[in-house]
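Here's the structure we're looking at; comments come further down.
This chain uses plain numbering: 1 for the first residue, then up along the sequence.
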Amino acid sequence: MSVNARLLGLMSREMRILLLTGGGESNDAQLRDLLAGPVQWDGLRTLLEWERTLPVSWERLKRLGVDASQDGADQIERLSRVSGFTALMLEDRLRRLIAGLESEGIPAILLKGAGLALSAYPRFADRPMGDLDVLIAPEHSKRAWELALSQGWVWDEHEYPSSHYQAHHHLPPLFDAARTGVRLELHTALSLSSHPFSLSFEQARAVSRPISERSELTRVLDPEHQLLHLAVHFAWGHLASFGIWRLARDVAALAERGIDWQRVLELSRGYKAEFAMYWSLRLADLLCGVSVAPVGVLASLAPRRSAWMLQLLERHLAIHVIAIITPCPSAKLRRAMWSMALEPNRTATSRERPWDSEPARRPTVYAGDAGVVTRIKTQLTRGRAWRRYFNVLWAT
């Protein structure tokens with residue numbers, strides 16, 4: 001299926017360019033049309049950096065004829081070269097970490113980008129990432145932490161105190177001492193504890209496979225569990241508002257190597273991840289043109305809501321798929337719409353929600369502690385933003 005032109009039409013030219021580079025060659029004609037018009041290169045650069053798509057997106061655009069020397073584009077070209085160099089360093093750091101863990105006899109499971117780059121893509125650099133996520137058994141986490149520190153990863157104890165991570169699914173993040181901007185997260189569980197897909201190390205190891213024939217210690221999840229993890233991480237952990245470009249490419253890469261879709265359906269139901277899976281696959285299809293799931297599987301995963309409500313939720317999620325673009329001026333309403341789409345009251349194992357789970361996240365929106373009158377005045381000053389939001393939501 002091709003991308004949904006009506007949904008893309010609600011977005012800026014730069015957002016459309018970003019999203020279309022997440023799909024296959026069938027998007028090339030639309031990309032050429034967009035590139036033929038006026039492009040705000042600074043705005044595109046911001047989106048590419050935010051979604052961590054450099055240098056892959058930029059190489060795609062250059063192959064389609066973009067002149068990298070023109071004003072504005074030249075800065076993206078420079079940043080792309082830096083990102084390419086960083087990817088080489090990151091691969092070296094990851095392979096050093098793997099070798100160190102194996103020399104210590106510490107089993108590990110590479111998650112998300114780290115695992116996909118070494119198992120689903122032809123080259124490590126084909127899968128941009130800002131974090132390395134590695135799952136370690138709790139009894140080995142201290143040794144793995146000390147090993148990482150000995151290899152040049154550093155801990156910012158003031159910014160990320162260990163007290164904030166006592167009940168979290170990963171240890172405080174470590175940062176590359178070379179100041180590449182990437183960080184290492186050593187997980188002791190797969191994902192947020194409030195979601196049923198929060199597997200322990202042993203549970204994850206039981207559905208994993210070695211990354212190579214040379215070692216049984218370093219592994220990745222099998223394709224169906226990798227897909228589940230991606231869907232839960234995007235739709236639940238990131239509230240379907242960050243990482244859509246990488247999600248779409250990851251889904252395509254996994255599908256190309258073979259996915260048992262009946263097993264995906266059964267696992268999604270078993271882990272109560274049907275809606276996370278549905279919206280992840282649906283948005284990757286509508287916005288990036290990555291259509292890999294059989295129609296019957298997607299229909300079986302869909303929330304049991306009217307066609308009208310599904311369309312409304314679909315449009316809301318689509319226009320908020322990149323977190324720095326928020327047409328709806330109310331964080332409370334955005335959370336309510338997300339809750340209608342994901343139905344956490346039915347699927348979560350606790351009252352905890354994703355916005356409660358990241359200890360280092362600082363509030364960026366009004367939290368609702370002021371009085372009713374103050375809140376009403378605040379919303380009235382946002383009248384223009386509300387009109388824009390509803391115009392987009394109800395556009396025909």
Of Trp279, Trp236, Phe275, which is the lone residue that meets ring-ring contact (aromatic ring centres under 6.0 Å, His included) with Trp338?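 Filter result, single survivor: Trp236.
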Any salt bridge linking [X] with [Y]? Criterion: basic side-chain nitrogen under 4.0 Å from a carboxylate oxygen.
{"X": "Asp222", "Y": "Arg209", "value": "no"}
{"X": "Arg346", "Y": "Glu274", "value": "yes"}
{"X": "Glu51", "Y": "Arg246", "value": "no"}
{"X": "Arg45", "Y": "Glu14", "value": "no"}
{"X": "Glu146", "Y": "Arg143", "value": "no"}
{"X": "Asp28", "Y": "Arg60", "value": "yes"}
{"X": "Arg269", "Y": "Glu266", "value": "no"}

With salt bridge (charged side-chain N to carboxylate O under 4.0 Å, His left out) as the test, would you mind laying out the steps for Arg205 and Glu202 before giving the verdict? CA-CA 5 Å; Arg205 185 173 173 79; Glu202 292 304 323; 5.4 Å; no
When you compare the side chains of [X] and [Y], does any donor N or O come within less than 3.5 Å of an acceptor on the partner?
{"X": "Gln203", "Y": "Ser200", "answer": "yes"}
{"X": "His233", "Y": "Lys112", "answer": "yes"}
{"X": "Tyr389", "Y": "His316", "answer": "yes"}
{"X": "Thr218", "Y": "Glu102", "answer": "yes"}
{"X": "Gln75", "Y": "Trp41", "answer": "no"}

Donor-acceptor check, side chain of Asp285 to backbone of Leu283, threshold 3.5 angstrom: yes or no?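 Such a contact is absent between Asp285 side chain and Leu283 backbone.
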Test: Arg93 cationic atom under 6.0 Å from Trp153 six-membered ring centre, within 45° of axis: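 Checked: cation-pi criterion met.
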Would you please classify the geometry between the Phe242 ring and the His238 ring as parallel, tilted or perpendicular, with 30° and 60° separating the classes?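 Plane angle over 60°, so perpendicular.
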Distance check, rounded to the nearest 0.5 Å: Arg315 atom CZ versus Met337 atom CE?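 If I round to the nearest 0.5 Å, the distance is 11.0 Å.
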Going by atom type alone, with no hydrogens or angles, which donor-acceptor pairs under 3.5 Å involve a side-chain atom of residues 116-123 and a protein atom two or more places apart or on another chain?
unit_1 : atom_1 : unit_2 : atom_2 : d
Ser119 : OG     : Gly115 : O      : 2.7
Tyr121 : OH     : Arg249 : O      : 3.2
Tyr121 : OH     : Asp250 : N      : 3.2
Tyr121 : OH     : Asp250 : OD1    : 2.6
Arg123 : NE     : Asp126 : OD1    : 3.3
Arg123 : NH2    : Asp126 : OD1    : 2.8

Taking the side chain as every heavy atom from C-beta outward, state whether Ile17 and Leu31 have any atom pair closer than 4.5 Å.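 Yes; the side chains approach each other to less than 4.5 Å.
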